[in-house]
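Following: one structure in structure tokens, then a few remarks.
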Amino acid sequence: MRTFELTRPTAIGDALEHHGARDAFIGGGTNLIDLVKLGVMRPEQVVDINGLGLDDIETLDDGRVSIGARVSNADLARDDRIMRDYPVLSQALLSGASTSLRNMATTAGNVMQRTRCPYFRDTAMPCNKRSPGSGCSALTGINRNHAVLGGSEACIAVHPSDMCVAMAAIGGTVVLEGRKGQREVPFADFHLLPERHPEKEHDLHDDEMITHVILDAPQAGAASNYLKLRDRASYEFALASCAAILTLDGDTVSSVRLALGGVATKPWRALDAEAALVGMEATTDSFEHAAVLAFQGAVPQSGNAFKVTLGQQAIVRSLRDAARALKAQGDRS
Amino acid sequence: MSDQTLGAGPKRIDGRLKVTGQATYTADHQLDNKAHAYGVFSTISRGRITGLALEVARNMPGVIEIFHHGNFPALHHTPSSMAGGNKVEETRLPFEDERIYYDGQFVALVVAERFDQARAAAQAVTVRYEEETPRANLEQGLTAHGTREGKGNHSRGNAKQAFESGTHRMEATYTTPVETHNPMEMHATLAHWPNGRLQVFESSQGVVQQKGAMAKIFNLAPHKVEVISTFIGSGFGSKLWMWPHAVAAAAASREIGRPVELVVPRSQMFTTTGHRPETKQTLKLATDEQGRLVALSHHSISNTSCTDQYVETCGSVTKSLYSCDNVSVDHRTTQVNRGTPTSMRAPGAAPGLFALESAVDEMALAAGIDPLTFRLDQFADRDESQDLPFSSNHIRETAERAAERFGWHQRNPKIKSMREGREIIGYGMAACNWEALKRPCDAHVALRADGTVYASCATQDIGTGTYTIVAQTLVELTGVPFERIEVELGDTSYPKGPISGGSWTTATTLPAIAEATRHAIMELKTRAVRSGGPFDGVDVASLNFENGVLSHNGKQMSFAEVLSSMKLANAEGDAHTEGADTSKYSYRSFGTHFVEVRWDPLLANLRVARVVSAIDVGRVMNEKTARNQVEGAIVMGLGMAMFEHTEYDPRTARVVNNNYAEYLVPVHADQPEIDVILLDYPDTAFNEFGARGIGEIGITGLAAAVANAVYHATGIRVRDLPITKERLMAGA
Ligand SMILES: Cc1cc2nc3c(=O)[nH]c(=O)nc-3n(C[C@H](O)[C@H](O)[C@H](O)COP(=O)(O)OP(=O)(O)OC[C@H]3O[C@@H](n4cnc5c(N)ncnc54)[C@H](O)[C@@H]3O)c2cc1C
Ligand code: SF4
């Protein structure tokens with residue numbers, strides 16, 4: 001493990017002042033320190049964001065909800081408003097990692113967490129993301145856990161976050177602050193596809209940090225669901241997951257948001273599937289049709305063809321459960 | 001019976017120390033002037049080192065010395081004999097030459113003032129290699145090297161001919177992957193050389209063997225080496241035999257003249273401290289028209305390393321579990337570029353019974369017979385491989401009682417026929433089996449003037465409860481309660497004890513402890529009747545000892561009073577007990593598992609919902625620790641069935657999932673409902689307590705029971721572990 005300077009600023013301005021291209025912010029450190037120990041990340045300076053406040057969850061005037069960069073995954077999952085208005089987010093958070101990790105992990109850190117691709121983590125192996133131009137070891141290696149959606153010839157690494165899948169479904173923005181000021185990037189655009197530059201993962205400049213994530217206002221009358229499929233029952237990254245937010249007009253789908261995890265190189269909105277569902281009857285047939293559409297462009301690798309089926313199953317079950325919940329509410333009212 | 005005697009279920013006497021953090025594990029020991037070592041590990045799996053760039057590392061803060069093949073002291077090989085007390089699994093010494101045989105091999109060792117400094121400098125060492133194409137798995141090994149003769153083969157009758165002429169036949173190949181032990185406590189060594197003697201703290205399941213091996217390697221008289229392992233955060237077999245890190249630490253300490261501590265990082269616990277090898281097993285079974293087994297052959301190949309021969313004896317149980325006239329068991333190995341394999345909980349039997357008990361299920365179904373009935377009809381009544389009676393065998397009772405408790409008879413044998421909600425239910429069963437061994441052992445016991453009883457033996461408590469059952473033995477024989485008992489284990493300065501392995505620690509250690517206790521009591525009596533003693537002139541034979549009190553004709557005195565009155569510190573007893581006589585009986589333990597799985601086809605989700613196991617291990621010495629061993633082994637068996645799988649990159653032979661996040665073992669949420677029935681029939685032909693071992697048997701057969709249940713639920717016969725979703729999704 002290389003040594004680094006640790007800076008603990010108490011104002012955002014100072015934090016940005018201190019932070020250069022070779023530096024890293026640290027939230028909970030559960031991802032950063034692991035990768036520093038492995039020699040995968042080699043920051044010269046680590047800027048601690050824990051003295052900066054940024055730990056509030058606030059409802060804005062327009063109904064949106066702003067989450068400070070430092071809010072822990074545990075606090076966010078257990079927040080009353082989140083549990084009431086964005087249950088899908090709470091479920092996604094609680095399905096991730098373990099209690100002790102969620103206590104440490106921050107919202108910004110979770111958004112920024114790096115892939116679990118084993119070759120990314122092994123500095124003796126070629127990896128375009130870690131060492132641009134060196135090649136991708138996963139394409140011809142062990143790739144059971146890799147992406148079937150959004151990959152490129154340069155990289156097929158999965159974005160491992162559960163939280164981000166729920167956020168992708170909810171919609172929102174990532175608030176960035178840099179030396180030149182503040183900007184908001186739509187959540188869907190913040191994570192980048194690997195294309196030819198898998199090393200560039202975010203729409204984030206070297207001098208910027210995440211200060212907040214803002215969620216779109218909650219959708220009235222919606223039911224939602226986060227379903228995570230994996231090998232063991234807990235404490236494992238997703239093989240496939242689905243966040244679904246559904247509204248019905250009678251038996252007809254009036255709106256739907258679908259996001260996928262574990263199968264794609266970034267938190268993945270299944271826009272084609274959403275479009276096909278709107279106006280359709282909420283039946284298993286429609287859901288299955290949508291699930292097929294969601295994976296239409298899938299490129300399975302030698303070890304992960306099953307993820308296409310698994311992802312489709314996650315979509316169908318999520319939608320069915322959400323539809324069932326809405327119908328049950330309808331029956332009660 | 002008090003709640004502390006044998007057979008009761010008292011809590012572990014070291015439990016409080018452990019949960020309050022007062023138990024000192026190897027890396028907790030503090031020695032003045034301790035330096036820390038960290039390895040540089042090879043990143044290729046086959047080839048040679050052509051250059052080492054050390055300058056940067058050498059100049060980093062705190063660095064004391066960097067060892068490698070160019071400057072490592074010349075040492076000796078150990079003959080590696082278990083009987084000689086100097087066995088290791090990997091005979092090659094660290095830094096012996098520039099050759100690389102496996103990923104994660106030590107190529108350099110950085111010693112520094114602090115751990116973080118040693119690690120930082122180790123990461124700054126760059127190594128140049130000339131790389132050769134490695135053999136990354138069993139298939140590649142077979143292509144490159146073919147196979148070698150193994151050991152433990154057996155043949156009776158003519159299995160080939162009988163198979164050809166059988167009425168119902170089954171033939172199939174089963175595979176099991178490499179598994180890594182992954183005990184919680186990482187391997188660690190703390191070595192120093194006070195006054196030219198070598199003292200080593202090690203997380204070890206076998207201090208006596210390590211002492212012998214160290215003495216050979218460093219060319220020291222045996223009494224100049226001491227190995228200490230007071231507490232161990234488990235080992236599962238990986239800590240039975242010393243690995244290269246311990247030699248590296250001891251040599252480094254001698255060279256720099258300071259204590260050196262070396263903790264093997266988790267990632268390298270996947271490379272340089274052993275693994276359960278990959279196996280490929282072909283089973284051929286045939287029955288006659290009535291469904292009686294007429295042929296049974298079990299041929300297996302497992303991987304060994306390029307430096308040593310390790311044989312996974314998959315057919316060890318196949319020889320004797322079922323009655324069959326024509327049996328052929330054969331073990332072969334092939335060399336791959338991996339560190340040397342070693343015993344992992346129930347070596348041989350764990351992968352072997354996955355294959356055998358899956359095959360028996362397939363055979364029963366092919367013959368149209370219920371798998372339980374098939375087994376009950378054909379379990380052997382004597383050990384046909386050795387032509388000896390079993391000392392004690394209640395396997396039919398285990399099967400019947402567990403079947404009853406489980407509800408096997410409610411099973412609808414039709415595939416996919418049992419459902420609840422979205423899930424399909426599958427029932428499966430399998431036998432479990434493990435050999436019972438007892439080795440020679442020495443022990444020391446003292447009744448002390450302060451009223452306490454002391455025992456010592458150079459065996460270890462690896463978390464299984466050895467401290468506790470030794471104390472229970474003392475309670476039973478002296479009547480003195482736990483509070484006044486002191487047990488010391490895990491130090492080669494105590495009398496020679498067994499390795500903590502093979503499920504033989506209990507059966508081996510307790511008879512020696514008991515014998516030493518009786519000698520101590522006799523010593524006490526002999527002293528007491530001497531002239532001037534409190535029982536002067538009394539006939540020793542008529543002197544009674546009970547509950548810590550000597551009595552004769554109404555006169556009573558506690559042993560403490562007796563000793564104090566004579567100004568004696570203690571009355572001591574030493575004992576040596578022999579191994580079991582294996583010429584008259586075959587000693588084995590038996591059991592049966594019943595498993596319920598639940599398969600949700602629309603989510604491709606498999607879970608084990610329920611396990612009922614009945615186990616016949618002779619007398620149960622401690623209800624709590626015994627049950628704990630079986631339950632733990634069942635959970636580990638579930639991991640074997642569904643999760644555990646060390647993955648090697650097929651191009652580089654490097655381990656890909658070398659951490660706890662990606663090497664999956666069951667977590668709490670995976671635990672099924674577990675119901676263990678302990679039969680508790682003392683096997684007095686085996687030892688005076690009638691106890692066989694219980695540490696390993698529970699894992700055997702479990703994976704087969706799961707696979708058999710999965711077949712019942714899905715119609716898919718999984719012959720390759722682990723049973724992952726994708727194997728069940730074929731065509732889904
Ligand atoms: C064993 C294990 C299992 C896990 N399982 C799961 C799982 O099942 N599901 C899941 O979703 N996650 C899982 N995780 C990942 C976990 O969610 C992340 O490690 C965690 O969310 C990261 O948050 P952190 O605050 O600790 O980030 P840090 O480690 O502090 O930082 C992570 C990255 O974010 C950057 N960063 C931090 N703050 C900012 C900021 N304000 N602006 C810009 N950049 C910033 C850092 O520089 C670093 O690159 C697991 C992790 C482990 C170790
Ligand atoms: S998939 Fe991406 S992260 Fe993994 S090896 Fe290829 S380039 Fe690197």
Side-chain angles (χ1 to χ4, degrees), chain A residues 1-4 30 34 36-39 42 95 97-98 101 116-119 121-126 137-138 140-145 160 227-237 239-240 242 284 288 300 302-318 320-321, chain B residues 38 41-44 60-61 103 115-117 119-124 127 129 265 267 422 600-608 638-639 642-643 645 647-652 654-662 664-671 722-732:
Chain A
M1 179 167 173
R2 292 191 351 162
T3 48
F4 52 74
T30 61
D34 185 23
V36 172
K37 283 191 204 165
L38 292 172
R42 299 165 158 266
S95 77
S98 64
L101 280 158
R116 292 292 304 194
C117 171
Y119 303 108
R121 296 167 58 84
D122 179 355
T123 53
M125 294 295 283
S137 296
T140 52
I142 291 183
N143 49 37
R144 177 175 189 258
N145 292 344
L227 180 64
K228 178 173 178 180
L229 304 179
R230 44 187 159 182
D231 295 301
R232 64 181 173 194
S234 174
Y235 202 8
E236 188 188 359
F237 290 94
L239 286 169
C242 177
T284 304
E288 283 175 354
S302 54
N304 68 3
F306 74 100
K307 278 193 172 183
V308 172
T309 311
L310 203 64
Q312 290 170 341
Q313 291 183 328
I315 293 174
V316 174
R317 182 69 59 91
S318 278
R320 274 175 58 175
D321 287 353
Chain B
Y38 199 91
F41 300 97
S42 73
T43 56
I44 67 162
M60 285 173 66
D103 164 41
F115 172 80
D116 57 317
Q117 293 170 330
R119 182 171 62 184
Q123 289 181 348
V127 188
Y129 300 102
S267 55
R422 287 161 164 166
D600 181 341
L602 294 180
L603 280 189
N605 191 53
L606 179 70
R607 65 191 179 95
V608 173
L638 198 150
M642 294 176 60
F643 308 126
H645 178 193
E647 291 177 284
Y648 296 81
D649 187 286
R651 301 159 298 188
T652 61
R654 267 174 83 67
V655 180
V656 170
N657 58 341
N658 60 5
N659 60 70
Y660 262 163
E662 270 100 15
L664 302 182
V665 296
V667 293
H668 285 298
D670 295 301
Q671 313 296 312
I723 305 171
T724 49
K725 308 182 180 301
E726 54 266 45
R727 299 198 202 276
L728 302 178
M729 290 169 76

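Every value quoted in this text rests on a predicted model; they were computed, and no experiment measured them. In what follows, every chain begins at residue 1, and chains take the letters A, B, ... in the order their sequences are listed.
- At least one donor-acceptor pair closer than 3.5 Å links the side chain of A:Gln313 to the backbone N or O of B:Pro601.
- In this structure, CZ on A:Arg232 lies 15.5 Å from CG on B:Leu606, to the nearest 0.5 angstrom.
- Here B:Glu647 does not pair with A:Arg144 in a salt bridge; the nearest charged N to carboxylate O distance is not below 4.0 Å.
- Take B:Arg651 and apply the salt bridge (Lys or Arg N to Asp or Glu O under 4.0 Å) test, not counting sequence neighbours, and it matches B:Asp649.
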Report task. Decide side-chain contact (heavy atoms from CB on, under 4.5 Å) for B:Val667 and A:Glu236; before the verdict, give the C-alpha distance in whole Å, the side-chain angles of both, and the deciding distance to 0.1 Å. Result -> CA-CA 10 Å; B:Val667 293; A:Glu236 188 188 359; over 6 Å; no

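- Closest approach of B:Met729 to A:Leu310, counting heavy atoms only: CE-N, 3.9 Å.
- The two residues A:Asp231 and B:Phe643 come nearest to each other via the heavy atoms O-CE2, 3.3 Å.
- Taking A:Thr123 as the reference, A:Val40, A:Arg130 meet the side-chain contact (heavy atoms from CB on, under 4.5 Å) condition, with sequence neighbours excluded.
- Here the CD-NZ distance, from B:Gln123 to A:Lys37, works out to 10.5 Å after rounding to the nearest 0.5 Å.
- Each of B:Leu603, B:Leu664, B:Val665, B:Val656 has some count of heavy-atom pairs under 4.5 Å with chain A, and the biggest count is that of B:Leu603.
- Heavy-atom distances place the backbone of B:Tyr648, and not its side chain, under 4.5 Å from chain A.
- Per-residue heavy-atom pair counts under 4.5 Å with chain B were compared for A:Asn304, A:Val316, A:Thr140, A:Leu229, and the maximum is reached by A:Thr140.
- Comparing B:Thr652, B:Asn605, B:Asp600 by how many heavy-atom pairs each has under 4.5 Å with chain A, the most go to B:Asp600.
- When all heavy atoms of B:Asp670 and A:Ala233 are compared, the closest pair comes out as OD1-N, 2.8 Å.
- Between the CZ atom in B:Arg654 and the CE atom in A:Met125 there is a gap of 7.5 Å [rounded to 0.5 Å].
- The distance from the NZ atom of B:Lys725 to the OG1 atom of A:Thr309 is 12.0 Å, given to the nearest 0.5 Å.
- Summarising the geometry, atom CG belonging to A:Asp34 is positioned 7.5 Å from atom CG belonging to B:Asn659; distances are rounded to the nearest 0.5 Å.
- The candidate with the highest count of non-hydrogen atom pairs below 4.5 Å against chain B, out of A:Tyr235, A:Phe306, A:Phe237, is A:Phe306.
- To the nearest 0.5 Å, atom CG of residue B:Asn658 and atom CG of residue A:Asp122 are 7.5 Å apart.
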